[in-house]
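Right, one structure below, let's go through it.
Keep in mind it's a predicted model, so treat the numbers as computed, not measured.
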Amino acid sequence: MQRVLIPRDLIALPAAGTPVAAVASLATVTANIAYYGFALSARAYTVLGETGEDELRDWWAGVEPVLAALTGDDKRMADFVVYKNFPAEVLAMDEAGYWIRQILMYWGLPNDLVTEEPAERSPLADLPAPRVLHPADDDAPARILDGLLALPARWTDAQFADVAALAAAPVDLAAVSFVENRIRLAVLLLEQGVAARVATATDVLRLAVSLSGGDPGLRTPQRLRRFTRAERRYLLGLLEGATHLLEDVARRREQFKRLLFALHPGDYRATFPRVVAAYDVLYTGAPVRGFAADVERLLAERDPAVFDRLAERPANTPGGCTTCCSPSAPHPAWNRSPGGSPRCNC
(Lines give C-alpha, C1' and ligand atoms only; values in the text may rest on other atoms or scores of the structure.)
Protein backbone atom coordinates (compact mmCIF):
# COMPACT_ATOMS: atom_id res chain seq x y z
CA MET A 1 0.00 0.00 0.00
CA GLN A 2 2.89 2.39 0.69
CA ARG A 3 3.89 2.04 -2.97
CA VAL A 4 0.54 3.58 -3.89
CA LEU A 5 0.40 6.22 -1.16
CA ILE A 6 3.89 7.74 -1.08
CA PRO A 7 3.94 9.00 -4.71
CA ARG A 8 0.79 10.92 -3.75
CA ASP A 9 2.49 12.49 -0.70
CA LEU A 10 0.65 10.23 1.75
CA ILE A 11 1.98 7.56 4.08
CA ALA A 12 0.39 4.86 6.21
CA LEU A 13 1.65 5.04 9.79
CA PRO A 14 1.88 2.29 12.41
CA ALA A 15 -0.44 2.11 15.38
CA ALA A 16 0.60 3.45 18.77
CA GLY A 17 2.52 1.08 21.03
CA THR A 18 4.03 0.84 24.47
CA PRO A 19 6.70 1.48 25.40
CA VAL A 20 7.12 4.15 22.77
CA ALA A 21 10.20 4.08 20.55
CA ALA A 22 13.33 5.77 21.82
CA VAL A 23 14.03 9.30 20.61
CA ALA A 24 17.25 8.04 19.01
CA SER A 25 15.31 5.47 16.96
CA LEU A 26 12.82 8.09 15.83
CA ALA A 27 15.64 10.46 14.88
CA THR A 28 17.35 7.72 12.87
CA VAL A 29 14.20 6.95 10.93
CA THR A 30 13.45 10.60 10.15
CA ALA A 31 17.07 11.14 9.03
CA ASN A 32 16.79 8.11 6.75
CA ILE A 33 13.57 9.50 5.28
CA ALA A 34 15.34 12.80 4.63
CA TYR A 35 18.14 10.91 2.82
CA TYR A 36 15.60 9.93 0.16
CA GLY A 37 14.36 13.51 -0.23
CA PHE A 38 11.19 13.20 1.86
CA ALA A 39 10.01 14.61 5.17
CA LEU A 40 7.14 13.90 7.54
CA SER A 41 4.49 16.51 8.22
CA ALA A 42 4.07 17.68 11.80
CA ARG A 43 1.01 15.46 12.22
CA ALA A 44 2.77 12.42 10.74
CA TYR A 45 5.80 12.96 13.01
CA THR A 46 3.54 13.20 16.06
CA VAL A 47 1.77 9.94 15.20
CA LEU A 48 5.08 8.19 14.53
CA GLY A 49 6.38 9.39 17.89
CA GLU A 50 3.65 7.37 19.62
CA THR A 51 4.77 4.12 17.99
CA GLY A 52 6.45 1.30 19.86
CA GLU A 53 10.05 0.30 19.16
CA ASP A 54 9.18 -2.99 17.43
CA GLU A 55 6.38 -1.41 15.43
CA LEU A 56 8.70 1.40 14.28
CA ARG A 57 11.34 -1.08 13.17
CA ASP A 58 8.83 -3.19 11.21
CA TRP A 59 7.25 -0.08 9.68
CA TRP A 60 10.59 1.24 8.45
CA ALA A 61 11.46 -2.17 6.99
CA GLY A 62 8.39 -1.82 4.77
CA VAL A 63 8.83 1.85 3.90
CA GLU A 64 12.52 1.95 3.01
CA PRO A 65 12.32 -0.36 -0.07
CA VAL A 66 9.49 1.81 -1.43
CA LEU A 67 11.49 5.02 -1.00
CA ALA A 68 14.53 3.39 -2.59
CA ALA A 69 12.49 2.20 -5.58
CA LEU A 70 10.80 5.58 -6.10
CA THR A 71 14.10 7.48 -6.03
CA GLY A 72 16.12 4.89 -8.00
CA ASP A 73 18.43 4.31 -5.04
CA ASP A 74 17.81 0.56 -5.28
CA LYS A 75 19.49 0.52 -8.72
CA ARG A 76 22.90 1.41 -7.18
CA MET A 77 23.69 3.74 -10.06
CA ALA A 78 26.77 5.05 -8.28
CA ASP A 79 28.46 1.70 -8.97
CA PHE A 80 28.31 2.45 -12.70
CA VAL A 81 29.54 6.05 -12.65
CA VAL A 82 32.92 6.29 -14.40
CA TYR A 83 33.77 9.95 -13.91
CA LYS A 84 33.20 10.29 -10.18
CA ASN A 85 34.51 13.87 -10.11
CA PHE A 86 32.50 15.13 -13.08
CA PRO A 87 32.66 17.75 -14.54
CA ALA A 88 36.05 18.93 -13.26
CA GLU A 89 37.66 15.56 -14.01
CA VAL A 90 36.62 15.59 -17.69
CA LEU A 91 37.44 19.27 -18.21
CA ALA A 92 40.99 18.65 -16.96
CA MET A 93 41.68 15.83 -19.47
CA ASP A 94 43.43 16.36 -22.76
CA GLU A 95 41.74 14.95 -25.86
CA ALA A 96 44.00 11.87 -26.05
CA GLY A 97 43.37 10.96 -22.42
CA TYR A 98 39.62 11.28 -22.90
CA TRP A 99 39.50 9.05 -25.98
CA ILE A 100 41.81 6.42 -24.47
CA ARG A 101 39.37 6.04 -21.60
CA GLN A 102 36.44 5.78 -24.02
CA ILE A 103 38.20 3.04 -26.02
CA LEU A 104 39.06 1.05 -22.90
CA MET A 105 35.43 1.19 -21.77
CA TYR A 106 34.28 0.18 -25.27
CA TRP A 107 36.55 -2.88 -25.06
CA GLY A 108 34.80 -3.82 -21.82
CA LEU A 109 37.82 -3.46 -19.53
CA PRO A 110 37.08 -2.81 -15.82
CA ASN A 111 36.07 0.74 -14.99
CA ASP A 112 38.69 0.77 -12.24
CA LEU A 113 41.31 1.34 -14.94
CA VAL A 114 39.88 4.72 -15.87
CA THR A 115 38.18 6.03 -12.71
CA GLU A 116 39.62 8.38 -10.14
CA GLU A 117 39.05 8.31 -6.42
CA PRO A 118 36.11 10.60 -5.62
CA ALA A 119 37.17 13.93 -4.20
CA GLU A 120 35.26 15.64 -1.43
CA ARG A 121 32.71 18.07 -2.82
CA SER A 122 31.59 21.28 -1.22
CA PRO A 123 28.00 21.07 0.08
CA LEU A 124 25.25 22.36 -2.15
CA ALA A 125 24.27 25.91 -1.34
CA ASP A 126 20.64 25.45 -2.38
CA LEU A 127 19.21 22.07 -1.40
CA PRO A 128 15.90 21.05 -2.99
CA ALA A 129 12.92 21.13 -0.67
CA PRO A 130 11.85 17.69 0.54
CA ARG A 131 8.49 16.21 -0.38
CA VAL A 132 6.28 16.27 2.69
CA LEU A 133 4.37 13.09 3.53
CA HIS A 134 1.03 13.39 5.31
CA PRO A 135 -0.82 10.67 7.25
CA ALA A 136 -3.16 8.63 5.06
CA ASP A 137 -6.64 8.20 6.47
CA ASP A 138 -8.70 5.03 6.10
CA ASP A 139 -10.52 6.36 3.03
CA ALA A 140 -7.38 7.32 1.10
CA PRO A 141 -7.06 4.04 -0.87
CA ALA A 142 -10.70 4.22 -1.98
CA ARG A 143 -10.30 7.85 -3.10
CA ILE A 144 -7.16 7.01 -5.05
CA LEU A 145 -8.86 4.06 -6.74
CA ASP A 146 -11.88 6.20 -7.66
CA GLY A 147 -9.57 8.76 -9.24
CA LEU A 148 -7.75 6.11 -11.25
CA LEU A 149 -10.99 4.54 -12.47
CA ALA A 150 -12.24 7.92 -13.66
CA LEU A 151 -9.15 8.73 -15.76
CA PRO A 152 -10.16 9.46 -19.38
CA ALA A 153 -7.01 7.96 -20.89
CA ARG A 154 -5.18 4.63 -20.98
CA TRP A 155 -3.47 3.76 -17.72
CA THR A 156 0.30 3.85 -17.60
CA ASP A 157 2.04 0.74 -16.28
CA ALA A 158 2.53 2.45 -12.91
CA GLN A 159 -1.14 3.45 -12.71
CA PHE A 160 -2.26 -0.08 -13.59
CA ALA A 161 0.04 -1.46 -10.87
CA ASP A 162 -1.68 0.88 -8.41
CA VAL A 163 -5.11 -0.27 -9.59
CA ALA A 164 -4.03 -3.90 -9.19
CA ALA A 165 -2.89 -3.19 -5.64
CA LEU A 166 -6.12 -1.41 -4.71
CA ALA A 167 -8.76 -3.45 -6.53
CA ALA A 168 -8.89 -6.31 -4.04
CA ALA A 169 -12.70 -6.28 -3.76
CA PRO A 170 -15.41 -6.36 -6.46
CA VAL A 171 -15.23 -3.19 -8.52
CA ASP A 172 -18.03 -1.43 -10.38
CA LEU A 173 -16.65 -1.63 -13.91
CA ALA A 174 -19.22 0.93 -15.05
CA ALA A 175 -17.18 3.49 -13.07
CA VAL A 176 -14.18 2.94 -15.37
CA SER A 177 -14.58 5.68 -17.94
CA PHE A 178 -11.96 4.58 -20.50
CA VAL A 179 -13.07 1.42 -22.28
CA GLU A 180 -9.64 -0.26 -22.59
CA ASN A 181 -8.99 0.33 -18.90
CA ARG A 182 -12.36 -1.27 -18.13
CA ILE A 183 -11.48 -4.42 -20.05
CA ARG A 184 -7.95 -4.56 -18.63
CA LEU A 185 -9.38 -4.38 -15.11
CA ALA A 186 -12.00 -7.03 -15.90
CA VAL A 187 -9.24 -9.42 -16.98
CA LEU A 188 -7.31 -8.67 -13.79
CA LEU A 189 -10.37 -9.36 -11.62
CA LEU A 190 -11.05 -12.64 -13.40
CA GLU A 191 -7.44 -13.71 -12.86
CA GLN A 192 -7.97 -13.02 -9.14
CA GLY A 193 -11.16 -15.06 -9.08
CA VAL A 194 -13.36 -11.97 -8.62
CA ALA A 195 -16.61 -11.67 -10.58
CA ALA A 196 -16.44 -9.12 -13.39
CA ARG A 197 -19.38 -8.05 -15.52
CA VAL A 198 -19.44 -5.76 -18.54
CA ALA A 199 -22.64 -4.28 -19.91
CA THR A 200 -22.33 -4.25 -23.71
CA ALA A 201 -21.77 -6.97 -26.28
CA THR A 202 -18.81 -5.06 -27.72
CA ASP A 203 -17.19 -5.05 -24.29
CA VAL A 204 -17.72 -8.81 -24.09
CA LEU A 205 -15.93 -9.10 -27.43
CA ARG A 206 -13.10 -6.93 -26.10
CA LEU A 207 -12.91 -9.09 -22.98
CA ALA A 208 -12.69 -12.31 -25.01
CA VAL A 209 -9.94 -10.81 -27.16
CA SER A 210 -8.03 -9.67 -24.06
CA LEU A 211 -8.34 -13.10 -22.47
CA SER A 212 -6.74 -14.40 -25.66
CA GLY A 213 -3.82 -11.99 -25.29
CA GLY A 214 -5.06 -9.55 -27.94
CA ASP A 215 -5.73 -5.83 -28.19
CA PRO A 216 -8.87 -4.73 -26.30
CA GLY A 217 -9.10 -1.76 -28.64
CA LEU A 218 -9.92 -4.19 -31.50
CA ARG A 219 -7.64 -2.21 -33.79
CA THR A 220 -6.06 -5.30 -35.39
CA PRO A 221 -7.39 -8.75 -36.35
CA GLN A 222 -7.23 -11.07 -33.35
CA ARG A 223 -7.07 -14.82 -32.97
CA LEU A 224 -9.22 -16.16 -30.15
CA ARG A 225 -7.88 -18.97 -28.04
CA ARG A 226 -9.82 -22.10 -27.15
CA PHE A 227 -12.02 -21.29 -24.16
CA THR A 228 -12.91 -23.78 -21.46
CA ARG A 229 -16.53 -24.80 -20.99
CA ALA A 230 -16.79 -22.60 -17.88
CA GLU A 231 -15.34 -19.62 -19.78
CA ARG A 232 -17.75 -20.15 -22.67
CA ARG A 233 -20.75 -20.21 -20.35
CA TYR A 234 -19.46 -17.10 -18.58
CA LEU A 235 -18.98 -15.11 -21.81
CA LEU A 236 -22.30 -16.31 -23.23
CA GLY A 237 -24.01 -15.22 -20.02
CA LEU A 238 -22.54 -11.75 -20.41
CA LEU A 239 -23.73 -11.58 -24.01
CA GLU A 240 -27.20 -12.79 -23.05
CA GLY A 241 -27.59 -9.90 -20.62
CA ALA A 242 -25.90 -7.30 -22.83
CA THR A 243 -27.75 -4.18 -23.91
CA HIS A 244 -28.27 -3.61 -27.66
CA LEU A 245 -26.93 -7.08 -28.46
CA LEU A 246 -28.13 -7.23 -32.06
CA GLU A 247 -26.95 -3.69 -32.84
CA ASP A 248 -23.47 -4.38 -31.52
CA VAL A 249 -23.29 -7.68 -33.38
CA ALA A 250 -24.39 -6.02 -36.63
CA ARG A 251 -21.71 -3.37 -36.24
CA ARG A 252 -18.87 -5.91 -36.04
CA ARG A 253 -20.23 -8.91 -37.92
CA GLU A 254 -16.95 -10.66 -38.75
CA GLN A 255 -15.49 -10.25 -35.28
CA PHE A 256 -18.65 -11.53 -33.61
CA LYS A 257 -18.78 -14.44 -36.04
CA ARG A 258 -15.37 -15.54 -34.80
CA LEU A 259 -16.37 -15.00 -31.18
CA LEU A 260 -19.65 -16.91 -31.36
CA PHE A 261 -18.02 -19.70 -33.37
CA ALA A 262 -15.56 -20.09 -30.48
CA LEU A 263 -18.32 -20.01 -27.85
CA HIS A 264 -20.69 -22.57 -29.45
CA PRO A 265 -23.97 -20.93 -28.39
CA GLY A 266 -25.92 -23.73 -30.07
CA ASP A 267 -24.91 -26.02 -27.19
CA TYR A 268 -27.00 -23.85 -24.84
CA ARG A 269 -30.02 -22.86 -26.93
CA ALA A 270 -32.43 -22.94 -24.01
CA THR A 271 -30.12 -21.00 -21.69
CA PHE A 272 -28.98 -18.19 -24.02
CA PRO A 273 -31.77 -17.61 -26.56
CA ARG A 274 -30.79 -13.99 -27.35
CA VAL A 275 -27.26 -15.05 -28.25
CA VAL A 276 -28.55 -17.89 -30.43
CA ALA A 277 -30.85 -15.42 -32.22
CA ALA A 278 -27.91 -13.04 -32.81
CA TYR A 279 -25.84 -15.97 -34.12
CA ASP A 280 -28.60 -16.77 -36.62
CA VAL A 281 -28.72 -13.14 -37.76
CA LEU A 282 -24.98 -13.17 -38.38
CA TYR A 283 -25.07 -16.22 -40.62
CA THR A 284 -28.28 -15.38 -42.48
CA GLY A 285 -27.13 -11.84 -43.16
CA ALA A 286 -30.47 -10.45 -42.07
CA PRO A 287 -30.55 -6.67 -41.64
CA VAL A 288 -30.74 -5.39 -38.09
CA ARG A 289 -33.05 -2.54 -37.26
CA GLY A 290 -32.20 -0.30 -34.35
CA PHE A 291 -30.98 3.12 -33.32
CA ALA A 292 -27.27 2.56 -33.94
CA ALA A 293 -27.87 0.65 -37.16
CA ASP A 294 -30.11 3.40 -38.48
CA VAL A 295 -27.60 6.12 -37.57
CA GLU A 296 -24.76 4.24 -39.26
CA ARG A 297 -26.83 3.66 -42.40
CA LEU A 298 -27.86 7.32 -42.59
CA LEU A 299 -24.28 8.45 -42.02
CA ALA A 300 -23.06 6.14 -44.77
CA GLU A 301 -25.71 7.57 -47.09
CA ARG A 302 -24.87 11.13 -45.92
CA ASP A 303 -28.57 11.61 -45.28
CA PRO A 304 -29.47 14.70 -43.17
CA ALA A 305 -32.28 12.63 -41.64
CA VAL A 306 -29.62 11.33 -39.26
CA PHE A 307 -30.15 14.45 -37.13
CA ASP A 308 -33.81 13.59 -36.66
CA ARG A 309 -32.89 10.05 -35.66
CA LEU A 310 -30.30 11.30 -33.18
CA ALA A 311 -32.85 13.65 -31.65
CA GLU A 312 -34.92 10.62 -30.65
CA ARG A 313 -32.26 9.72 -28.07
CA PRO A 314 -30.97 13.07 -26.80
CA ALA A 315 -29.53 11.39 -23.69
CA ASN A 316 -27.05 9.52 -25.87
CA THR A 317 -25.62 12.47 -27.72
CA PRO A 318 -24.46 15.05 -25.14
CA GLY A 319 -22.39 12.60 -23.10
CA GLY A 320 -21.07 10.32 -25.77
CA CYS A 321 -21.48 9.09 -29.32
CA THR A 322 -22.68 5.51 -28.95
CA THR A 323 -22.36 4.82 -32.64
CA CYS A 324 -18.86 5.94 -33.52
CA CYS A 325 -17.15 6.21 -30.15
CA SER A 326 -17.00 4.66 -26.72
CA PRO A 327 -20.18 5.43 -24.75
CA SER A 328 -18.02 7.27 -22.21
CA ALA A 329 -15.99 9.26 -24.72
CA PRO A 330 -16.68 12.97 -25.19
CA HIS A 331 -19.34 13.54 -27.80
CA PRO A 332 -17.79 14.46 -31.15
CA ALA A 333 -18.69 17.57 -33.06
CA TRP A 334 -21.58 16.89 -35.37
CA ASN A 335 -21.58 19.23 -38.30
CA ARG A 336 -23.22 19.69 -41.62
CA SER A 337 -20.87 19.96 -44.55
CA PRO A 338 -21.33 22.81 -47.00
CA GLY A 339 -23.53 20.50 -49.06
CA GLY A 340 -25.82 19.85 -46.11
CA SER A 341 -24.78 16.22 -45.42
CA PRO A 342 -23.88 15.17 -41.87
CA ARG A 343 -20.38 14.50 -40.70
CA CYS A 344 -19.16 12.99 -37.40
CA ASN A 345 -15.84 14.51 -36.39
CA CYS A 346 -14.75 11.73 -34.07
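Here Phe256 contributes atom CZ and Leu205 contributes atom CG; the two are 4.5 Å apart, rounded to the nearest 0.5 Å. Distance check, rounded to the nearest 0.5 Å: CG of Leu236 to CG of Leu263 gives 4.5 Å. To the nearest 0.5 Å, the span separating OG on Ser212 from CZ on Arg258 amounts to 11.5 Å. Note: Glu89 CD to Leu91 CG = 10.0 Å, rounded to the nearest 0.5 Å. For the atom pair CZ of Phe272 and CZ of Arg232, the computed distance is 10.0 Å after rounding to the nearest 0.5 Å. How far CG of Leu133 is from CD1 of Ile11: 5.0 Å, rounded to the nearest 0.5 Å.
Across Val198, Val275, Thr200, a single residue satisfies side chain to side chain contact (heavy atoms under 4.5 Å, CB included) together with Leu239, and that is Val275.
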_Between His134 and Val132, does the side chain to side chain contact (heavy atoms under 4.5 Å, CB included) criterion hold? Intermediate values first, please._
CA-CA 7 Å; His134 303 271; Val132 179; 3.9 Å; yes
*Show your reasoning for whether side chain to side chain contact (heavy atoms under 4.5 Å, CB included) applies to Val249 and Val281.*
CA-CA 9 Å; Val249 166; Val281 167; 5.8 Å; no
*Full working for salt bridge (Lys or Arg N to Asp or Glu O under 4.0 Å) between Asp280 and Lys257*: CA-CA 10 Å; Asp280 291 342; Lys257 277 184 180 180; over 6 Å; no
*Where do Leu298 and Val295 land on the side chain to side chain contact (heavy atoms under 4.5 Å, CB included) test, with the steps shown first?*
CA-CA 5 Å; Leu298 293 170; Val295 170; 5.8 Å; no
*Apply side chain to side chain contact (heavy atoms under 4.5 Å, CB included) to Leu13 and Thr51, showing your working.*
CA-CA 9 Å; Leu13 297 168; Thr51 302; over 6 Å; no
_Determine whether Asp203 and Arg206 satisfy the following criterion, salt bridge (Lys or Arg N to Asp or Glu O under 4.0 Å), listing intermediate values before the conclusion._
CA-CA 5 Å; Asp203 275 358; Arg206 297 178 193 276; 3.6 Å; yes
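Grouping the Ile, Leu, Val, Met, Phe, Trp and Tyr side chains by contacts below 4.5 angstrom, directly or via other members, places Val47 with Leu26. Met1 and Leu148 fall within the same hydrophobic cluster, defined by Ile, Leu, Val, Met, Phe, Trp and Tyr side-chain heavy atoms under 4.5 Å apart, directly or through other members. Connection of Val29 to Val66 is established within a shared hydrophobic cluster, with ILVMFWY side chains joined at heavy-atom distances below 4.5 Å, either directly or through further cluster members. One hydrophobic cluster holds both Leu207 and Phe160 under the rule that ILVMFWY side chains link at heavy-atom gaps under 4.5 Å. Transitive grouping of hydrophobic side chains (ILVMFWY, heavy atoms separated by less than 4.5 Å) brings Ile183 and Leu218 into a common cluster.
With sequence neighbours excluded, the residues satisfying ring pair (Phe, Tyr, Trp, His ring centres under 6.0 Å) with Tyr279 are Tyr283. Among residues two or more places apart in sequence or in another chain, the side-chain hydrogen bond (donor to acceptor under 3.5 Å, both in side chains) test is passed with Asp74 by none. The side-chain hydrogen bond (donor to acceptor under 3.5 Å, both in side chains) test applied to Gln2 returns no partner, not counting sequence neighbours. Partners of Thr228 under the side-chain contact (heavy atoms from CB on, under 4.5 Å) rule, at least two apart in sequence or in another chain, are Ala230, Glu231. With sequence neighbours left out, Gln255 forms a side-chain hydrogen bond (donor to acceptor under 3.5 Å, both in side chains) with Arg252. Evaluation of the side-chain contact (heavy atoms from CB on, under 4.5 Å) rule for Leu185 yields Leu149, Trp155, Val163, Ala167, Val171, Leu173, Val176, Leu188, Leu189 as partners, not counting sequence neighbours. Looking at residues two or more places apart in sequence or on another chain, you find a side-chain hydrogen bond (donor to acceptor under 3.5 Å, both in side chains) between Arg57 and Asp54.
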Contacts table for residues 102-117: side-chain donor-acceptor under 3.5 angstrom, sequence neighbours left out:
unit_1, atom_1, unit_2, atom_2, d
Gln102, OE1, Tyr83, OH, 3.1
Thr115, OG1, Asn111, O, 3.2
Glu116, OE1, Asn85, ND2, 3.4

Contacts under 3.5 angstrom, residues 31-38 side chains, donor-acceptor by atom type, not counting sequence neighbours:
unit_1, atom_1, unit_2, atom_2, d
Asn32, ND2, Thr28, O, 3.3
Tyr35, OH, Asp73, OD1, 3.0
Tyr36, OH, Glu64, OE2, 3.2

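The number of heavy-atom neighbours closer than 6.0 Å to CG of Asp138, taken from other residues, nucleotides and ligands shown, is 12 or below. Counting non-hydrogen atoms of other residues, nucleotides and ligands closer than 6.0 Å to CZ of Arg226 gives a total of 12 or fewer.
Defined by atom type and a distance below 3.5 Å, a donor-acceptor pair is missing between the side-chain atoms of Asp215 and Thr220. Side chain to side chain, Ser25 and Glu53 meet the donor-acceptor criterion of an N or O pair below 3.5 Å.
Contact between Ala140 and Leu5 at its shortest, heavy atoms only, is CB-CD2, 4.3 Å.
Salt-bridge check for Glu180 with Arg219: passed, with a basic side-chain N closer than 4.0 Å to an acidic carboxylate O. A salt bridge links Arg251 with Asp248: the distance from a Lys NZ or Arg NE/NH1/NH2 to an Asp or Glu carboxylate oxygen falls below 4.0 Å.
Through direct or relayed side-chain contacts under 4.5 Å between Ile, Leu, Val, Met, Phe, Trp and Tyr, Val276 connects to no other residue.
Screening residues 259-268 for side chain to side chain donor-acceptor pair (under 3.5 Å) gives Arg229-Tyr268 as the qualifying pairs, with residues at least two apart or on separate chains. Screening residues 4-24 for side chain to side chain donor-acceptor pair (under 3.5 Å) gives Arg8-Asp162, Asp9-Arg131 as the qualifying pairs, with residues at least two apart or on separate chains.
In terms of modelled atom types and a separation under 3.5 Å, the side chain of Ser177 and the main chain of Leu151 share a donor-acceptor contact. Proximity of a side-chain donor or acceptor of Arg225 to a complementary backbone N or O of Leu211 within less than 3.5 Å is detected.
Figure legend: Arg154 and Phe178 shown without cation-pi pairing, the cationic atom not lying both under 6.0 angstrom from the six-membered ring centre and within 45 degrees of its axis.
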